[in-house]
Every structure is written in structure tokens, then in C-alpha cells.
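Have a look at the structure below, then the notes.
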Amino acid sequence: MAEPAELKGTTSARARRWLRRTAALLTAAPLLAGVLQIPAAPGAHAQPAPTQAKASGSRTVDVSVDSLTPTIPSKGDTLTVRGTVTNRGDSTINTSYVGLRVGQPMNGRNDIDTVAKRKGYSPTLDGTEVAEKYEQKIGKLPVGISRDFTLSIPVKELHLGANGVYQIGVSLTGQTKSRPWPQVMGIQRTFLPWQQTAAPKKSKLTYLWPLISTTHLTARTGADEQQTPIFQNDDLAAELAPGGRLQQMVALGKNLPVTWVIDPDLLATVEAMTKRYEVQGQTDEDTTEGRGQAVAMQWLNDLEQAVQGHQVVALPFADPDLASLAHRGKNVTGALSHLQSATALASTTVDTILHVKPRTDFAWPVNGAIDSSIVDVATSAGAHNIIARSDSLRETGDLQYTPTAARQIGGGNTAVVADARLSTAFTGDMTRAENATLAIQRFLAQSQMLTLQAPDKQRSVVVAPQRMPTATQAQAMAAALGALSGRWTQPASLGEAAKAQPDPRATQRVPAARSYPAALRRQELPTDGFRKIQQTQSTLDKFEVILTAKGRVVTPFGTAIMREMSTSWRTDPRGSAGFRDSVQAYLQGLTEKVRLVKKTDVTLSGRSATIPVTVQNNLLQPVELRLVLRSQQGNRLAVSDPQVVTVQGGHTQSVKFGTTANANGRAWVTAQLYTVDDQAYGPEMSFKVNVTEITSTVILVIAGGVLLLVLAGIRIYLQRKRSAARSGEDGAGNSEKQDGEAAEGERAHALVPGQPSDPAPDTGSQSADPSGSGEKVER
């Protein structure tokens, strides 16, 4: 806004202030027409402002309020405001100074929202400056240059009146060469709660302090006896280390009146880090040793001490996404059973690690957004208290104040409705001191105004912040809670908030499913994801049956399946799909380590024989299965009954099956492994059996032929010998010897049957075949 230049020679502070106020009144109309931004009607879309190279008017200078102390001042305090001014315009600003302006108290919570959104300077809304002596001279401020400032003003000089929330503004006033008169060239507003007398009825404030993280553990474990866990990365160690997000949450929360809301999976993961663990690399075989043991042990020790005396609420293990289950998973067989298992595991995990008994009857849908289907799913696992948020369960009546959080929503269930303004106060970038300071002051202002809405009516208020606050967000949250110090609130646990007497006029009707925010619905786990989870569970169920040490497989894969449904995957759909695929692939690879060894074709000679089939077990534990052999040509080849086989870890076992051949030819045989509950395990293996059966008739024919050949040979031999004997009769001295040989030759000749001229065969003991069948009988 343009203000008249100061009159030369005027040195009186009163005169200068008179000139400023007069100029403000004279130029109020054009300012309101061009600079003041009127909030758009609900649902309207503001048109984008024309692109400008440089800021101008009352937005020429960026005023940053980096700290304000005390955040809730008392009458005898001195208010100190520190910050920075930066020239964003296109010309140097001269004779500039920073001053503090005090506006009127706010009339309601909506006024606070309106002021927080307003940008340009308004003389009628931004109040007047405090005394000149509390200004800080800046002087010349060139383009792009920043200057720090500090304003220290006694609170009594602010002339605050009744209890309430006051708007204060830090402004830079200066002039440029082209506009040589004093004018407000930048302003930043914030809020100053003022409470000099005790509130008649302090609001009961429940602040949830969440300890939740993303998934870090894989389904894989080492092959050693301890089953060394394998992590996706070692990022969790940084969160647990001093200054890390989770370390800050514990260090800050231990001194605050909060209710701890914990994902048991985080505790289990950190507990696994306290021992030896591995971190996976580029491949499954490539791992490195984790180095977070010390920070993990320290964090668990600090947390165990921090939660003492506080209420602890345990979410279902791995913080399953209730909305995804309700909208996309409940129609997939077995999906809801994982929620029940996760709820049952939650209490045991927290009790074992922290040695406290947690509450497990609270469900917390993402962002507190609920509908009837989400409530049905949450309560199906035993949660009777649903943490909702007021921007989901909106007030539809004529209430002029924020009602108590608890609402009866039917079926014996309670919706604990967190205040949306307070719950989202610290969701922005709190790494900038300015953002943190403004967020703290706005949170305090909203909480005070909530109490002032109905000062004689005590209400219970719940704050459910974002699930995973950053370290700087946690620091801002802690600063705001610490500043309250019971001025107009008193702490209460979540259990107390759930039991509070509901306001009879507060909304109790749960929205329909169509009311669920579209932006949140787009982040949900897809139905196909639940089908893949079902596939993994089915594979695990079948695999479990054959194992003798089931816990080595069932425990890591069971928790991995729960992690596949985690709410933390909402912002990482690609990581979610990759995790599901990796779990299924690793499990499938384990199941394939138990298999039938491929068999070549078999040839059987005879009516009966045995066929060996080999089972290989490359797991580290024994397995027990049933092996079945089936002949596809049962009329040709029959096989024996199925057999139960136990194979030790890292071994193979051959199983022999008896067979009976009924006919010659080729027969196909299939081998199939089954679990003991008669489910097929692994692929079927087929091989060919060639049957070459030899009957008794064929054997007799062959034996007879062989005998005839032997007898024929003997006859030929004797004939030749007899001929040789006759040729030697001419020797007189050998006649007697020759007669004896001839007689003996004739006796031998008699052994060959079928010769009519020969004597009858000898029936003595020399006969090899007394039956005359030609088959030699062996005894």
C-alpha cells in the first residue's frame, strides 16, 4: 500500500504514527480492491494469478518469523520475535524498519483458518504497530538481500485484553525510489494465545504418539541354526541413531503426556537388529553384515523406560491397511484372517519386548477416514474403538462448538473422533524454523479457541497426527504440547477418551462407502495384490505340511504376509508389488528344493520287478511325504501301493515299487508326491517302461533245442572215434585191445536215441531227462 512520504523536519514519533494511520485510512479502498484476497466459496477454484517476475506491493518483502517466545506469554513476560526479511522485489528498499502489529482477538476457529491463509496487508485487519521504540531499523535493503531482526517487547505494551487468541503481524515498512513514501512492503501473521485467568472447564486432551515405520525385514533368513534375519536395507539403523526420527520420537515422547501407539512389527524388527543380521545386496546371495546392533539395543532400552506409566496401544502387527481390506480385500478368501492373526500377535509382541500389557481394541484407519465397510472390517478382528477424524465424520447439526471425541456408532462400537485441525497441524515441512514456529502458534491458538467455544462445558479432545512424523515434525509437536502446560487443557489417555460421555447432538452416523475420499482410494492395495497374498498363503499352507521343523518357515513367511498388507505401502505401490513378488518367489524356490529326481526310461524283463524312484530334499530339515506311482496302462503293468517317505535335510531317498507285467509292450508310469493330507506336491513326473515278458513255454522250447544240439555233438564224436578204431584192426598184436574199444563204442552209441539199428536206450541214472520233455530239472 502507498503511504505519504514523511514531512521534512517532522521528528515527532506521534506525528509519524499519525501520518501512517491517516495514510492507511485514505488508501484502504484501493488496497482492499487489489491486495486483500477474499477466500473463495467452498468448492470454487481460484484462477491462477498472472506470472510476475518480481514480487510487488505488500508482498515485495518476504518476512520470516523463525521464533516467538514465550509461545503463551504471561503479563510480566517480554515477547521476543526473531526472523529474517528478504527483498523479493525489483528495486532497493530504503529507510526500512520491522515492527510488530497487534490485531483484534479471534471470534472462532474459522477466523484462525482465514487469517492463516491471508497474504497481503490490510490496515483494517492487521492492527496498529506497537510503540516506535520497539521497532528495529533495517535501513537499505537491496534486491535479493536478507537481514535478520529481533523484536523484544514487554507483553504489557501489547495492551491485550480478555482471554483469547490475538492476531499479531510482523511487518517491514519502507519506501522505494519510484514510490518514495512509507508503506508496508511485507508482513507475516501468526497467533498469540492469551490466558490470564484459569479456564472454568479445561478440555481433556489426548495426544497419540505413533511409533510406526516402513517394512525393513525380508522373508529370507540365514541357513544357520539361529536363522539370521536378512533386511532389505540398513536404513532403520539411521532412524534409531541419535538425531534419527525414531530416536527423537522416544526421546521427546518420554516427557510428554501422550498415549503411545505402536506397530508391533517395528518392535520385532528392532529386536531382530539387536543380534547378528544381514543386509541384502543386489542379488539374493549378496549380503553384508548389518551394523545397527548398538543403536537397536539402546533404542529398545530407552523405549521400555519411556512407556512406563503411559498407556500403550498396539496396532495389529505390521499395521494392516483396513480401508484396502474393506474395499478390495474382504472378498478374497482368507484376507480377513490375516487381520485376525495380526491382532493376536500384537499383544504378545509388545508384552514380550517392552514388558507392558497393551490395549489391542483400537483400530486406526489411514488418516482417520472411515465408512461403514471399514468399521465392519475393523470390528471383525476384535477392535471396538475406531480412531476416526472429524473431516471424515463431519458434524451435520447446529452445534456451535467442537463436541467430545467419543461417539456411539452402533453394535457396541465407539468412534473416537480426532480433531482434524489439531491432527494435521504439523504435516508440513518443519525443517524450516518459520514453518515450525507458525505451526506451533496455530496449534496452540486452535486448542485454546476450542476450549473458549464452550468454556463451561468440559469436552474430551483427541489428536491423531500423521503416522510417521519426521524428526523435525516430532520436535514441533513436542514443543506445542510442552507449551500447553495445563493452561486450558489437561492430559487424558486414549482409553479415557473412548469412555467419555458422548455429546447427544454430535454426529454418530458412519458415512457410506461412496463417501470415502477418492485420493485415499487411489492409494489402496489393489485386489490383485490380495490375490497374490492368497497365493502365497496357499503355497505356505501346502509347504508347511511336509516340514518337521515348521517354525523355521511358517514364522518368517507368516509375518512377511502380514507386512504385505501394511498401510505404509500406500505411498510406494511399486515397492509394495516388488515385496509381494519377492516373498512368493522365495517361498516357491524353497518348495522346489523338495522334488522328484528325473527318471529315464525303464526296461523290465520278466513277470515281476522293482522300479526305484528317488526323492531329493535340499532343505535343511527333514520332510515327510507320500509317494504314489500310477501305471497309465494298468492291463499291461501293475504297480504296488503308495509309500510314505521321510528324507533327511540335504539328502536323497530312493523308494522301490514292485511291478507285475501282464503283457509285453510299452507302458507309461507317473510318479507324484503328496502331502500327508493328500494334496499334490510339486509337478508330476512321467517315464516310459518297456515290458519284455518271457513265458514258460518259450523257455521249454529253448531248453529242448539246446539239449538236442548237445546230444548231436556227442553222437558225431563217437562215430568218428569208432571209425578210427576200425582202421587199426590190421595190427595183430592189438586185436584184443581193439575188440574192447569197439564194444565200448557200441555202448556209447546206444546213448543216442532215434537210431533203429542201435540197441534200446539205457534207462539208468545217466538219463538227464527222465520225463522225455527235453527240459533239465534242477533241484
I would like to know whether N163 and T197 meet side chain to side chain donor-acceptor pair (under 3.5 Å); could you show each step before the answer?
-> CA-CA 7 Å; N163 292 344; T197 58; 2.7 Å; yes
Separation between CD (E239) and OG1 (T470), nearest 0.5 Å, reads 11.0 Å
Passes side chain to side chain contact (heavy atoms under 4.5 Å, CB included), L208 versus T259? Steps please.
-> CA-CA 5 Å; L208 307 188; T259 293; 4.2 Å; yes
T507 side chain to T396 backbone, donor-acceptor under 3.5 Å | yes
A363 to A378 - nearest heavy-atom pair and separation = CB-CB, 3.7 Å
So do L192 and L79 actually touch side chain to side chain, heavy atoms under 4.5 Å?
-> yes
Do Q196 and L160 come within less than 4.5 Å of each other through their side chains, counting heavy atoms only?
-> no
Where at least one partner belongs to residues 304-330, residue pairs that pass salt bridge (Lys or Arg N to Asp or Glu O under 4.0 Å), sequence neighbours excluded = D319-R467, D321-R570, R328-E524
From OG (S213) to CE (M468), nearest 0.5 Å = 6.5 Å
Under 3.5 Å, is there a donor-acceptor pair linking the side chains of T215 and R563?
-> no
Show me the side-chain donor-acceptor pairs of residues 246-257 shorter than 3.5 Å, one per line, residues at least two apart or across chains.
residue, atom, partner, partner atom, Å
Q247, OE1, G243, N, 3.0
Q248, OE1, Q475, NE2, 2.9

For the residue pair T559 and L345, establish whether any side-chain heavy-atom pair is separated by less than 4.5 Å.
-> yes
Hits for salt bridge (Lys or Arg N to Asp or Glu O under 4.0 Å) against D62, two or more places apart or cross-chain, chain-then-number order -> R88
Throw together a table of side-chain donor-acceptor distances under 3.5 angstrom for residues 493-503, partners on residues two or more places apart or in other chains.
residue, atom, partner, partner atom, Å
S493, OG, E496, N, 3.2
E496, OE1, S493, N, 2.8
D503, OD1, R505, N, 2.9
D503, OD2, Y401, OH, 2.7

Begin with the C-alpha distance, continue with both residues' side-chain angles, and end with the deciding distance and a verdict on side chain to side chain donor-acceptor pair (under 3.5 Å) for R580 and S576.
-> CA-CA 6 Å; R580 289 193 301 273; S576 175; 2.7 Å; yes
Side-chain contact test, heavy atoms from C-beta onward, threshold under 4.5 Å: evaluate it for Q188 versus E434 and give yes or no.
-> yes
For the residue pair L354 and W260, establish whether any side-chain heavy-atom pair is separated by less than 4.5 Å.
-> no
Backbone N or O of V377 within a donor-acceptor pair of the S380 side chain at under 3.5 Å?
-> yes
Using the side chain to side chain contact (heavy atoms under 4.5 Å, CB included) rule, take L322 and L339 through it: C-alpha gap first, then chi angles, then the decisive distance, then the call.
-> CA-CA 9 Å; L322 300 176; L339 177 60; 3.9 Å; yes
Looking only at atom types and distance, does a side-chain atom of D371 sit under 3.5 Å from a main-chain N or O of A512, one as donor and one as acceptor?
-> no
Hey, is the main chain of P73 close enough, under 3.5 Å, to the side chain of D77 for a donor-acceptor pair?
-> no
Without swapping roles, check the side chain of T437 against the backbone of L68 for a donor-acceptor pair under 3.5 Å.
-> no
Check V115 against M106 and note the closest heavy-atom contact, atom names and distance.
-> CG2-SD, 3.9 Å
CZ/R509: more than 12 non-hydrogen atoms of other groups inside 6.0 Å = no
Could you tell me whether a side-chain N or O of Q441 sits under 3.5 Å from a main-chain N or O of A439, the two making a donor and an acceptor?
-> no
Report yes if some heavy atom in the side chain of L267 is under 4.5 Å from a heavy atom in the side chain of L211; otherwise report no.
-> no
Determine, step by step, whether D111 and V165 satisfy the side chain to side chain contact (heavy atoms under 4.5 Å, CB included) criterion, reporting the C-alpha distance in whole Å, the side-chain angles of both residues, the deciding distance to 0.1 Å, and the verdict.
-> CA-CA 10 Å; D111 283 358; V165 176; over 6 Å; no
If we only count heavy atoms from C-beta on, is the Y207 to P465 side-chain gap below 4.5 Å?
-> yes
Dump the intermediate steps for salt bridge (charged side-chain N to carboxylate O under 4.0 Å, His left out) on D419 and R421, then the final yes or no.
-> CA-CA 6 Å; D419 185 80; R421 289 184 175 99; 5.4 Å; no
Rounded to the nearest 0.5 Å, the CD atom of Q311 sits from the CZ atom of F362 at a distance of 6.0 Å
Without swapping roles, check the side chain of N367 against the backbone of A369 for a donor-acceptor pair under 3.5 Å.
-> no
Of all the heavy-atom pairs spanning A436 and M430, show the shortest one and how long it is.
-> CA-SD, 3.6 Å
Distance from T379 atom OG1 to N413 atom CG, nearest 0.5 Å?
-> 5.0 Å
Check whether any side-chain heavy atom of V313 sits under 4.5 Å from a side-chain heavy atom of R359, and report yes or no.
-> yes
Which heavy-atom pair separates F191 from I168 by the least distance, and what is that distance?
-> N-CG1, 4.5 Å
Of all the heavy-atom pairs spanning T571 and S568, show the shortest one and how long it is.
-> OG1-O, 3.8 Å
In terms of heavy-atom contacts, L217 and F579 come closest through O-CE1, 3.6 Å
Distance-only check: which donor-acceptor pairs under 3.5 Å involve side-chain atoms of residues 444-454, not counting sequence neighbours?
residue, atom, partner, partner atom, Å
Q446, OE1, R109, NE, 2.7
Q446, OE1, R109, NH2, 3.4
Q446, NE2, R109, O, 3.4
Q446, NE2, D113, OD1, 3.1
S447, OG, F443, O, 3.3
S447, OG, L444, O, 2.8
S447, OG, W488, NE1, 3.0
Q448, NE2, W194, O, 3.0
Q448, NE2, Q195, OE1, 2.8
T451, OG1, S203, OG, 2.9
T451, OG1, S447, O, 3.3
T451, OG1, W488, O, 3.4
Q453, OE1, T402, N, 2.8
Q453, OE1, T402, OG1, 3.3
Q453, OE1, R459, NH1, 3.4

Can you measure from CG (D126) to CD1 (I187) and round to the nearest 0.5 angstrom?
-> 4.0 Å
Verify side chain to side chain contact (heavy atoms under 4.5 Å, CB included) between L525 and W569, making sure each step is shown before the conclusion.
-> CA-CA 8 Å; L525 180 67; W569 293 120; 5.9 Å; no
Separation between CG (D265) and OG1 (T349), nearest 0.5 Å, reads 8.5 Å
Any pair with a residue in residues 444-467 that passes ring-ring contact (aromatic ring centres under 6.0 Å, His included), sequence neighbours left out, goes on the list, sorted by first then second residue, please.
-> none
Sub-3.5 Å donor-acceptor pair from the side chain of Q167 to the main-chain atoms of Q104, do we have one?
-> no
Measure from the side-chain N and O atoms of Q473 to the backbone N and O of T427, and report whether any donor-acceptor pair falls under 3.5 Å.
-> yes
Output yes when a side-chain donor or acceptor of Y166 lies under 3.5 Å from a complementary backbone atom of G161, and no otherwise.
-> yes
